[in-house]
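Please read the structure below before turning to the comments.
These figures come from a predicted structure and were not determined experimentally. Quick note: residue numbers are just sequence positions, from 1.
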Amino acid sequence: MSSGKAIRTAAWAAVALGAAAPVVRRRLRLRPSTVIGAAATAPAALCVAVPRSRARDVAVACLQMWAYFAAYEMPADDPERLRARVRVDYPVRSDTVLGLGRIPSVRLQQALHREGRYGLWEKVLVWSHWVWFAVPHTTAAYVLLRHRDQFPQAAARIYATFDLGAVVYWAVPTAPPWYAAETGRIDHGDGPPLRRLMREYGERVFGARWGQLYGTLGGNPLAAMPSLHFGTSVAAAQVLRDIGPVQGVIGWTYASTLGFALVYLGEHYVTDLIAGGALAEGVRRSAPRAARPLGRLARLVSRLEARAQRG
């Protein structure tokens, strides 16, 4: 076997292992470090296995998100342990200060929501939350198709925001407002208690299918700090702003709408949003300093790719 073929075979094996590890982790009782390590290796391995193309760029992004999703979801594999570790009170205290005595989510719902009714603007807020699952990736796809030379940097910033947020989910699992309200940890004064309006509206729209639908997408309900809904939307808005003013307005309009929706619907604290936005900005500011070590890694992968394609 030639050295090139051997490298390609090893790279494809790494891709297969990385794709399979999150699927079989429970059955084989794999350690989280094993799963994350295998899944995180797969994107680089694919870069070695095949020459660069738009299809490869898309596949690399998908493998990266597959690794992120495994890291995001695994703490919830043991619900009892997760509930024993989860922090509930510190964001309540922080948002109580920001809200001048009552958390902003409670203030907004008590002032604006009408029992049993969902205005058009509230439906827009709910749908802005639901479409988030596509927004960061749609942004990356737009850059790939229209501004390919900027794609590596744009994708790195968006997906680094995901990955760094997942680290915090492991280190400091934090409950969202609706969970704190359900466990009686939020003061609602004399008005109605905080509700998870997104779930209530989802049950109206999707009926019995709602539980299965959102259960598939939700993954880990106790991963609120930082808000990656907001953080990755900010990262996407920053990327779009760098491309052009119109794209930037679209990106920031969506991020702002989503930020308000997350607080109003009881999905995130303002504190979570601040942390998510700070994470995205930190990734953006650190990009120039990270360029050199990442460039060395990229050159190593490129050399391996060249050797793999020669055999």
Any donor and acceptor pair, going by atom type alone, linking the side chain of [X] with main-chain N or O of [Y] inside 3.5 Å?
| X | Y | answer |
| --- | --- | --- |
| Q109 | Y264 | yes |
| Y72 | A67 | no |
| T161 | Y159 | no |
| N220 | A76 | no |
| S286 | V283 | yes |
| R146 | V143 | no |
| W170 | P75 | no |
| Q110 | H188 | yes |
| H147 | Q150 | no |
| S227 | D272 | no |

If you look at every heavy atom in [X] and [Y], which pair is closest and at what distance?
| X | Y | result |
| --- | --- | --- |
| P91 | T271 | O-OG1, 4.3 Å |
| L194 | G266 | CD1-CA, 4.3 Å |
| R54 | R148 | N-NH2, 3.5 Å |
| Y169 | P226 | OH-O, 2.8 Å |
| P288 | R284 | CD-O, 3.8 Å |
| P177 | I186 | O-CD1, 3.4 Å |

Carboxylate-amine/guanidinium proximity below 4.0 Å for [X] and [Y]:
| X | Y | value |
| --- | --- | --- |
| R204 | E200 | no |
| E305 | R56 | yes |
| E182 | R199 | yes |
| E115 | R195 | yes |
| D95 | R107 | no |

State, with a plain yes or no, whether a side-chain heavy atom of [X] is found less than 4.5 Å away from one of [Y].
| X | Y | answer |
| --- | --- | --- |
| R85 | P173 | yes |
| L228 | L279 | yes |
| W121 | L112 | yes |
| L63 | M65 | no |
| W12 | V50 | yes |
| V167 | D163 | no |
| E122 | R117 | no |

In this structure, would [X] and [Y] fall into the same cluster of hydrophobic residues linked by side-chain contacts under 4.5 Å?
| X | Y | answer |
| --- | --- | --- |
| F69 | V135 | yes |
| F260 | F230 | yes |
| Y269 | I274 | no |
| M74 | V172 | no |
| L262 | V88 | no |

| Ring centers of H137, F162 separated by less than 6.0 Å |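 Yes - the distance between ring centres of H137 and F162 falls below the 6.0 Å cut-off.
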| task | Please confirm whether Y201 and W127 have ring centers closer than 6.0 angstrom. | result |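 Ring centres of W127 and Y201 not closer than 6.0 Å.
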| Quick check: are there more than 12 heavy atoms from other residues, nucleotides or ligands sitting under 6.0 Å from CZ of R52? |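 Yes, the 6.0 Å shell around CZ holds more than 12 heavy atoms from other groups.
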[atom1]-[atom2] distance between [X] and [Y], expressed to the nearest 0.5 angstrom:
| X | Y | atom1 | atom2 | result |
| --- | --- | --- | --- | --- |
| S128 | L265 | OG | CG | 7.0 Å |
| L258 | L125 | CG | CG | 9.5 Å |
| Y254 | L240 | OH | CG | 12.0 Å |
| R26 | D78 | CZ | CG | 11.0 Å |
| M225 | L273 | CE | CG | 9.5 Å |
| R285 | R157 | CZ | CZ | 11.5 Å |

| request: Could you please spell out the steps behind the side-chain contact (heavy atoms from CB on, under 4.5 Å) verdict for R196 and Y179? | output: CA-CA 9 Å; R196 195 178 190 189; Y179 181 94; over 6 Å; no
| message | Which label fits F133 and H129: parallel for a plane angle under 30°, tilted from 30 to 60°, or perpendicular past 60°? | response |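 Ring orientation of F133 relative to H129: perpendicular.
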| task | Using the test side chain to side chain contact (heavy atoms under 4.5 Å, CB included), find all partners of Q153 that sit at least two apart in sequence or belong to another chain. | result |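 Here no residue qualifies.
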| side-chain contact (heavy atoms from CB on, under 4.5 Å) evaluation trace for L222 with R83 | CA-CA 8 Å; L222 302 180; R83 282 193 289 269; 4.1 Å; yes
| task | Answer yes if the side chains of T232 and W132 hold a donor-acceptor pair under 3.5 Å, and no otherwise. | result |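 Judged by distance alone, the side chains do pair up.
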| task | Report the C-alpha distance between M198 and E267 in whole Å, list the side-chain angles of each, state the deciding distance to 0.1 Å, and finish with yes or no for side-chain contact (heavy atoms from CB on, under 4.5 Å). | result | CA-CA 8 Å; M198 183 269 294; E267 296 296 311; 3.5 Å; yes
Sequence neighbours excluded and cut-off under 3.5 Å, please list the side-chain donor-acceptor pairs for residues 31-48, or say none.
unit_1, atom_1, unit_2, atom_2, d
T41, OG1, G37, O, 2.7

| request: Begin from the C-alpha positions of E73 and R25 and carry the test salt bridge (charged side-chain N to carboxylate O under 4.0 Å, His left out) through to its verdict. | output: CA-CA 12 Å; E73 191 178 52; R25 69 178 190 271; 3.1 Å; yes
| request: Might you work through the side-chain contact (heavy atoms from CB on, under 4.5 Å) test for V126 and L197, ending with a clear yes or no? | output: CA-CA 8 Å; V126 173; L197 298 178; 5.8 Å; no
